[in-house]
Amino acid sequence: MTTGAMLLEAACAAGWNGLLTRSVGPQIRGGEAAALVRLAVEPVECLADHFDLLVGIDWMNAQRFEAEIPLHPGAIIVNDPAVGEPPAAMRAAAGRVIELPITALIKANPAWRANMIALGATAELLGLDSEVLHALISKRFSDKGESVVAASVAAIEAGAAAMAAEAGVAKLARAQKTDVRRWLITGNEATALGALRGGIRFAAAYPITPASEILEWLAPNLPKVGGALVQAEDELASINMIIGSSYGGVPSITATSGPGFSLMIEALGLATAAEVPIVVVNVMRGGPSTGIPTKSEQADLNIAVYGLHGDAPHIVVAPQSVPDCLLTTQWATHLAESLQTAAIVLSDQFVGQAQVAVSRPADVAFIGQRLKATQFEEPYKRYALGGNGVSPMAIPGTRGGQYTADGLTHTERGTPTSGGRDHLAQLDKRRDKLDLHDYGGLWATLEGEGEIAVLTWGSLTGAVREAIARAARDGVKVRLIAPRLLMPVRPAEMAAALEGVTRLLVVEQTHSAQFHRYLRAHYTLPANTSVFHRPGPLPMRPGEIHRQIMQGAAS
Amino acid sequence: MSATVPLACKPGDYKSDTKPIWCPGCGDYHVLLSITRAFAALNLPPEQLAVVSGIGCSSRIPAYTSCYGFHGVHGRSLAVGAGLKVARPDMTVVVASGDGDGYSIGGNHFMHACRRNVDLTYIVMDNHIYGMTKGQPSPTTEPDFDTALSPGGTGLRPFNPLVIALASGANFIARAFSGHVNETAKIIVEAVHHPGFSFVEILSPCVTYRPDQRAWKDCVRSAPVEPTDDAARAARRLMTDDGFNLGVLYRGDRWPYQPRAAATVTDLAEFEKGFEI
Ligand SMILES: Cc1ncc(C[n+]2csc(CCOP(=O)(O)OP(=O)(O)O)c2C)c(N)n1
Ligand code: SF4
Ligand SMILES: [Mg+2]
């Protein structure tokens, strides 16, 4: 596993962009594992249709990865003859097998490690400078002692030397080194950093795949900025804890995945009714129920948008790439705080756990700014009507601002009531404050022009963008429309985005076309609209989307 | 903030003008009185006090005080209170609950709140019934108590909240009776002063669905022993008493949980270094 990360880091240092995802077998520890790496000169946001190179250190249970690691006739398999043969289907798909005698090399040099030999061979086949790798080895292994560094360097050299004689291997296009600062980051880390930048200072959560890395990043870092993370006994506790901390004036977050998100639904309604800002990240995995914890799907759209009982307007946003997790979470924090409501960030396993090599994402100015009450007319009306629906919130400790926050239908003062007039007034207030807000251009990614458009969301945006670029090379112009803001809906903006579109393709990763149903419920779509949807666990590849675009374009 | 404010100190100053929805004669009126007396005795300005609750007749109490209040969803008050206290250690936090809210739907949070030992006071108004939903059995209802939902009784052994609190790590355990307003107020003051998680179970009759509890005033008595800091002795005491011994029964010396620390990093760009190559 470290081999994949080292390859990505070395390629990143050499100026390439890249993306790494991991796939592991069902064992908790050990067992078969594959690091899937894509490198390119241009930014990489999704996996390619095929892999060009498969390096096997051993092939135990490797047939499990057949569907996940599609190869093509130009692909090369690197194989250690001493550990057996690659799975037959993989062997049949690839054009060429190169032998790398890893076992024999280690027999002669017991200090060498198989993964370092494989890394050297990979670097040589790709055309990656050995200096970059050597620098990386020194950085990573220097605390293990000089002999470990020396053995690793020697193993890498040996792996490279074994490949040097192989003719006819297409190298990667050379990357240009730039002065732009480069980052290696996962979507979950970017989410956590975005939260911190947005002003989050408290988190409470319960561990769950694939969201735990967000918590594990925040746990040591929140205290450094005077905040805290509490590991709660369950998700009911975690969301109620952050409601308590945010009621106390501290911007707060929790992160979870489908099963935990389901447990949070009642309290999400409380946050909207009591108007307590909170940010809830749902890193979606395959569902329903425990589903597929380690694989991605977009099937929590319905529960995020419609899951709350009663009429409970709230924010739902979705990041569109690994670096966009930073922007989107920071924005979500800003929205939750400004609008005093619950903001759900619908990330997913793919963007959450993928690690990318990218240029440092641009800074954005979004910081949580809560409208606070400091001067009080007697008596203080916490849920005062009027204006844009956002009423100043008294923070505990503020003299004269005492009120009781309530999930019961309440008056402007917060007193419980079952009166129809107050009920309607507060429902209107909570709807209006969200509807009247100016979400600006971030509400959606809108790219390109033409009469054909693809409408997608979340982590599929990268694959769709790539499919559209391919269509452009085929001479077909296609627009990309990808809302980052899923709730509240933006009918006027969407109508403008769809202006002149005569054919629409909706692309999503669900079994039941949830996104298409959502679009039909809230927006007017062109008569000629088709939907391409399928569930996980396999990530959407640009090629399958491209085929859908071209099929329609031909007819 | 608190230091500069001239203090009110009168129980009435901690009462709001919201009229309680409780039935006439409900024990919770007395609990409210005890709480406001305790707050006055604590000499804290109302804005430094927060009363947090869930759902139930008993859980209506926050809005009847003049403090900051939070009336959340059923069973989750301890989580809300812990989040508030950890984020705002300067606030004095009292969490109020009922036997259904605290021991049934919120039972898991109860155990973990005891164990976590956040510095707050947990008051449970125990009437051995679900009052708000009109008389269903709670975890502390007697096995033979007949209700529409449990014809002939549940047949289940009642839950012993004090024993569970002790076993889970509560740092202060007391039992009070709502009818003894001054004694209860004193116990609440002591509970607030005691560091860590302080648990005060208040027997508070539901006159509507448990008219038999009017007899409680004749059953309760001061515990015949002094409070102990010995958990084993406390366990024996709590497991063998009949549920009517009043007073502080256990005082522990565990250090409260407070993970919030002073900031050491002011420039968020520091955090980017971990991602740079
Ligand atoms: C999730 C949820 N389930 C059920 C209810 C209905 N409910 C309201 S109060 C209550 C029981 C309250 O009992 P207790 O905590 O003992 O309070 P009391 O009314 O006796 O003071 C129930 C079951 C609810 N509000 N929310
Ligand atoms: S139903 Fe019982 S607990 Fe509820 S207010 Fe009436 S007497 Fe009190
Ligand atoms: Mg009760």
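These numbers come from the heavy atoms of this one structure, side chains and all, not from hydrogens, waters or symmetry mates. Everything numeric here is computed off the predicted structure, so don't read it as measured data. In what follows, every chain begins at residue 1, and chains take the letters A, B, ... in the order their sequences are listed.
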TODO: Can you tell which part of Ala63(B) gets under 4.5 Å to a heavy atom of chain A, answering side chain, backbone, both or neither?
DONE: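 Contact with chain A involves both backbone and side-chain atoms of Ala63(B).
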Task: chain A contact via Ser66(B) - side chain, backbone, both or neither, heavy atoms under 4.5 Å - done: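 Backbone of Ser66(B) only, per the 4.5 Å heavy-atom cut-off to chain A.
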If you define the side chain from C-beta out and look only at heavy atoms, does anything of [X] sit under 4.5 Å from [Y]?
X: Val86(B); Y: Phe202(A); answer: yes
X: Val230(A); Y: Tyr257(B); answer: yes
X: His109(B); Y: Asp234(A); answer: yes
X: Glu233(A); Y: Arg116(B); answer: yes
X: Thr398(A); Y: Tyr68(B); answer: yes
X: Arg201(A); Y: Arg260(B); answer: yes
X: Phe70(B); Y: Thr404(A); answer: no

TODO: Could you give me the CA-CA distance, side-chain angles and deciding distance for Arg60(B) and Leu408(A), then say whether side-chain contact (heavy atoms from CB on, under 4.5 Å) is met?
DONE: CA-CA 11 Å; Arg60(B) 287 291 187 125; Leu408(A) 277 169; 3.5 Å; yes
For the atom pair [atom1] ([X]) and [atom2] ([Y]), what is the distance rounded to the nearest 0.5 Å?
X: Gln402(A); Y: Tyr14(B); atom1: CD; atom2: OH; result: 10.0 Å
X: His71(B); Y: Thr415(A); atom1: NE2; atom2: OG1; result: 12.0 Å
X: Phe271(B); Y: Asn221(A); atom1: CZ; atom2: CG; result: 4.5 Å

Open item on the list: Please identify, among Pro62(B), Ala82(B), Cys67(B), Ala50(B), the residue contributing the most non-hydrogen atom pairs under 4.5 Å to chain A.
Closed with: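 If we count pairs closer than 4.5 Å to chain A, Cys67(B) comes out on top.
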Open item on the list: Let's test your reading of the structure: which of Val52(B), Thr18(B), Thr266(B), Asn108(B) forms the most heavy-atom pairs below 4.5 Å with chain A?
Closed with: Asn108(B)
TODO: May I ask you to decide if the ring planes of Phe275(B) and Trp217(A) are parallel, tilted or perpendicular, using 30° and 60° as cut-offs?
DONE: parallel
Task: Heavy-atom neighbours of Arg370(A) CZ exceed 12 at 6.0 Å - done: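 Counting neighbours around CZ of Arg370(A), more than 12 heavy atoms of other residues, nucleotides or ligands fall under 6.0 Å, so yes.
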- [ ] May I ask you to check whether over 12 heavy atoms, not counting those of Tyr206(A), lie within 6.0 Å of atom OH?
- [x] no
Check residues 92-103 of chain B and write down every donor-acceptor pair under 3.5 Å in which the side-chain atom is one partner and the other belongs to a residue at least two apart or another chain.
{"residue": "Ser97(B)", "atom": "OG", "partner": "Asp101(B)", "partner atom": "OD2", "Å": "2.8"}
{"residue": "Ser97(B)", "atom": "OG", "partner": "Gly102(B)", "partner atom": "N", "Å": "3.2"}
{"residue": "Ser97(B)", "atom": "OG", "partner": "Tyr122(B)", "partner atom": "OH", "Å": "3.3"}
{"residue": "Asp99(B)", "atom": "OD1", "partner": "Asn127(B)", "partner atom": "N", "Å": "3.4"}
{"residue": "Asp99(B)", "atom": "OD2", "partner": "His128(B)", "partner atom": "N", "Å": "3.0"}
{"residue": "Asp99(B)", "atom": "OD2", "partner": "Ile129(B)", "partner atom": "N", "Å": "2.8"}
{"residue": "Asp99(B)", "atom": "OD2", "partner": "Ser138(B)", "partner atom": "OG", "Å": "2.6"}
{"residue": "Asp99(B)", "atom": "OD2", "partner": "Thr140(B)", "partner atom": "OG1", "Å": "3.3"}
{"residue": "Asp101(B)", "atom": "OD1", "partner": "Ile55(B)", "partner atom": "N", "Å": "3.0"}
{"residue": "Asp101(B)", "atom": "OD1", "partner": "His74(B)", "partner atom": "ND1", "Å": "2.9"}
{"residue": "Asp101(B)", "atom": "OD1", "partner": "Gly75(B)", "partner atom": "N", "Å": "2.6"}
{"residue": "Tyr103(B)", "atom": "OH", "partner": "Glu201(B)", "partner atom": "OE1", "Å": "2.4"}

Tell me the closest heavy-atom pair linking [X] and [Y], and the distance in Å.
X: Arg197(A); Y: Leu268(B); value: CA-CD1, 3.7 Å
X: Gln48(B); Y: Gly397(A); value: OE1-CA, 3.6 Å
X: Ala79(B); Y: Asn240(A); value: CB-CB, 3.6 Å

Contact origin within [X] toward chain B - heavy atom pairs under 4.5 Å:
X: Gln355(A); result: neither
X: Ile242(A); result: neither
X: Val250(A); result: side chain
X: Ala204(A); result: neither
X: Ala394(A); result: both

Open item on the list: Check this for me, if you would: do Arg360(A) and Glu272(B) make a salt bridge, where the nitrogen-to-carboxylate-oxygen distance has to be below 4.0 angstrom?
Closed with: yes
Open item on the list: Test your reading of the model: is there a side-chain donor-acceptor pair from Arg88(B) to the backbone of Ser245(A), 3.5 Å cut-off?
Closed with: no
- [ ] Could you tell me whether the side chain of Tyr247(A) and the main chain of Gly69(B) form a donor-acceptor pair under 3.5 Å?
- [x] yes
With a 4.5 Å cut-off on heavy-atom pairs, point out which of [options] contacts chain B the most.
options: Cys12(A), Gly407(A), Gly227(A); value: Gly227(A)
options: Gly401(A), Gly414(A), Ala232(A), Pro416(A); value: Gly401(A)
options: Leu229(A), Leu184(A), Ile239(A), Leu193(A); value: Leu184(A)

- [ ] Start with the C-alpha gap between Trp183(A) and Ile277(B), add the side-chain angles, then the distance that decides, and say whether side-chain contact (heavy atoms from CB on, under 4.5 Å) holds.
- [x] CA-CA 6 Å; Trp183(A) 281 12; Ile277(B) 47 170; over 6 Å; no
- [ ] Show your reasoning for whether side-chain contact (heavy atoms from CB on, under 4.5 Å) applies to Met241(A) and Val80(B).
- [x] CA-CA 5 Å; Met241(A) 280 183 185; Val80(B) 174; over 6 Å; no
